[in-house]
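Shown next, in structure tokens, is the structure this report addresses.
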Amino acid sequence: MTFNRVTDFLASEFSLLTMSEESEESVPLLPLQQESMASALFNTDQNDNSERRRHDNSGRRRNDNPESETNGQPQNNIQQVVEQDEEEDEELTLKYGAKHVIMLFVPVTLCMVVVVATIKSVSFYTRKDGQLIYTPFTEETETVGQRALNSILNAAIMISVIIVMTILLVVLYKYRCYKVIHGWLIISSLLLLFFFSFIYLGEVFKTYNVAMDYITVALIIWNFGVVGMICIHWKGPLRLQQAYLIMISALMALVFIKYLPEWTAWLILAVISVYDLVAVLCPKGPLRMLVETAQERNETLFPALIYSSTMIWLVNMAEEDPEAQRKATKNSTYDKQAPANQTRNEDAEADDGGFSQEWQQQRDNRIGPIESTPESRAAVQALPSNSQTSEDPEERGVKLGLGDFIFYSVLVGKASATASGDWNTTLACFVAILIGLCLTLLLLAIFKKALPALPISITFGLVFYFATDNLVQPFMDQLAFHQFYI
Amino acid sequence: MTLAVFFGCTFIAFGPAFGLFVFTIARDPLRIIILIAGAFFWLVSLLLSSLIWFIAVKASDPRDEPLQKGLLIFGVMFSVLLQEAFRFLYYKLLRKAIEGLVALSEDGCSPISIQQMAYVAGVGFGLMSGAFSMINLLADALGPGTVGIYGDSQLYFLTSAFMTMVLIFLHTFWGILFFHGCEHRRWWEITAVVVMHLAVSGSVYVVEPAPSQDPEALRDARVPTTLALPSILAARVAVTFSAISFLLHWGTLASPSTAHTGVWLWQPADKCDWGWLALMPLWEPPENGLVLGDSALLASL
């Protein structure tokens, strides 16, 4: 595989550093930056119509304003909190909190399952084929001390690269260089969707000894990639978009598992959870500044970096006018679906847009009986959005950054690849990560502010990895030997 | 080996538990969280107990076989006690959680009762315990090889699978009984659970032979299956006892105080759903303990 040549080409295109030694392989900077950004955690809480969501678990991740702002109305932080709504919201929050936790459990589990299945079957991702340029020091040293030193240096370099990239991104965002950021993100998703999935497909074919011609592969990869780009960066069915986000997280995690040597990987996991904690909670943390800037401007943050578990229905609030509709959806993110916009007013009686009578009655009770005419829509849109979001609380979703997916999967994948305890260790890390995620969401419901998702899970995962591998495995071995069941 | 054994043992060991999960737990997100938290608590207890065992082993002479055996027994007993202690801690945590849920609910009753939590916690403990016992075996079963090629029993995988299934059920029932005992301050129930757990875990040791000095047998490292039979029988008796106790408490479990929180798990048509377990001991053929071939073992199972 002429990895070097391809990456040299890409690097020259974007003036990145690569090393042209034959034993080294380089991966361009972009996916790294993508996931480092995505591991940040934001809340959506400070908007006015997120006053309700402030108490909601959906206020966990990046501030996707159009998700909360469903009608193109400008976001102004009107303190129009309805008092009785607050208590209701608290109860609703924690009542539906369990559902939101499961909405995150499922994709995280799926991503880990994909990564572990690949690691166990495709030997390519456990074969040592060089290291990334960000981890230049090798771990094949004579002494343990030298190895430790090398891995510490590797981790330090990697973390400083991530910090620099994050600060660069914040600066770009602050100075409104949106085109650069969008271009950056598009390039990195192109890379993931086309190049890495091509490699993955090739390795899977090699593993199962499937003969395949280039034309078919080109067709498959082309379709896969284009549909992925459309789903992630524009609009698409929610499930398809979620599936694509899980797949690219898994691909990225597999790249990390392959190219990070062992001790470096564990150190990087530990350090990045500390960095996540600092970056999100400290007042001068880059990620916190990013969130606050986004909230000041009432803008959406980057698409393609967040996994969203649901979408908001623009029920009967759609403009008929195509320009207005485009304007209304201009700020929309990938996770809004178009069908609600298709409802036409003429057949309001015949075609209720899929919304039942009860729902419409409920809406009427909230805001008074209103015919869905353009005038009424404009009037309602002018209302503070608190009173008109009569959507079912269960449809409020929860968001998780892709960086979290990636690092969770890296941990579990590394555990399954290199542990002597093998499946026991993998299972223990998996349970530990899920419990960490649960605790993080619980803390979020309690503190109602932005929280990083990596520290607790990664800490639990690391503790359980080393403990299970070194302590539990000998014990279980002896028990299995004597057929004890505890 | 390979696929047939793998799938067979997987379904034997985890089939009932998977059915329990799909039909009673998977629908409700709160129960899934309680399940995973239960698995986590079991894991932590295992971790601590293996830490103690590890320290003890490292501090002792590795060449002293009886000592190592004794340390393992001690490790098993300590692990059982620690598991029950963590079950108690989990009970405490769930009680607090119920209070929180009640405070937050609209109509003053929790969406899930302590009995349902007890059941789910038991399943969580059981699933994790079973998974830790069985998964590496299953992974090995997928690969090439022949069980018993050195003259040991060929039924190692099967008996392990059955034992795992029994253990999952046992943990479920123990969870229910334990929480019930804690709820109603019936200490004899709690001690009964602990004693049963110790008995089941320790029963294998009682019937195991002295370690063979034959290097080939040691290399293969498989205990003859015929000697695991009594432990399986003991475990089944324990399951029966647990099931009977569970049935006896059926009335108190669905007490009026919690009746409005809904049905127990799902509406079982009649109490015979669990009763079939009690019938199992009746199917055993008369034993002639000395010559017990593998076919007789299978028939009794």
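Nothing here was measured: the structure is a model prediction, and the numbers come from that model. Sequence lines set the chain letters: A, B, ... in the order given, protein chains first and strands last, and positions in each chain run from 1.
- The contact list for residues 461-469 of chain A toward chain B, using heavy atoms and a distance under 4.5 Å, reads A:Phe464, A:Ala467, A:Thr468 by residue number.
- No donor-acceptor pair under 3.5 Å is formed between the side chain of B:Ser133 and the backbone N or O of A:Tyr485.
- Considering all non-hydrogen atoms of both residues, A:Met476 and B:Phe132 come closest at CE-O, 3.6 Å.
- Atoms CD1 and NE2, from B:Ile73 and A:His482 in turn, are 8.0 Å apart once rounded to the nearest 0.5 Å.
- Side-chain contact between A:Gln483 and B:Met163 is absent, with no heavy atoms from C-beta onward closer than 4.5 Å.
- Within the 4.5 Å cutoff, the side chain of B:Phe54 has heavy atoms near those of the A:Pro474 side chain.
- Interface summary for chain B: among A:Asp422, A:Leu427, A:Leu434, the most heavy-atom pairs under 4.5 angstrom belong to A:Leu427.
- Contact residues of residues 76-85 of chain B toward chain A are B:Val76, B:Ser79, B:Gln83 (heavy-atom distance under 4.5 Å).
- Among residues two or more places apart in sequence or in another chain, the side-chain contact (heavy atoms from CB on, under 4.5 Å) test is passed with A:Ser457 by A:Tyr408, A:Ile433, A:Leu437.
- B:Leu30 touches chain A through backbone and side chain together, each having a heavy atom under 4.5 Å away.
- Most heavy-atom pairs under 4.5 Å with chain B, from the set A:Leu479, A:Leu471, A:Asn470: that is A:Leu471.
- For the atom pair CG of B:Leu43 and CZ of A:Phe460, the computed distance is 11.0 Å after rounding to the nearest 0.5 Å.
- To the nearest 0.5 angstrom, B:Leu72 atom CG is 10.0 Å from A:Phe481 atom CZ.
- Of all the heavy atoms in A:Cys438 and B:Ile33, the pair that sits closest is SG-CG2, 3.6 Å.
- Formation of a donor-acceptor pair under 3.5 Å by the B:Ser129 side chain with backbone atoms of A:Ile486 is found in this model.
- Among B:Val57, B:Thr164, B:Leu47, the residue with the largest count of heavy-atom pairs under 4.5 Å with chain A is B:Leu47.
- Closest approach of A:Asn424 and B:Ala131 over heavy atoms only: OD1-O, 4.2 Å.
- Counting only residues at least two apart or in different chains, salt bridge (charged side-chain N to carboxylate O under 4.0 Å, His left out) contacts with residues 37-47 of chain B are absent.
- Of the inter-residue distances, the one linking B:Asp28 atom CG with A:Lys99 atom NZ reads 11.0 Å to the nearest 0.5 angstrom.
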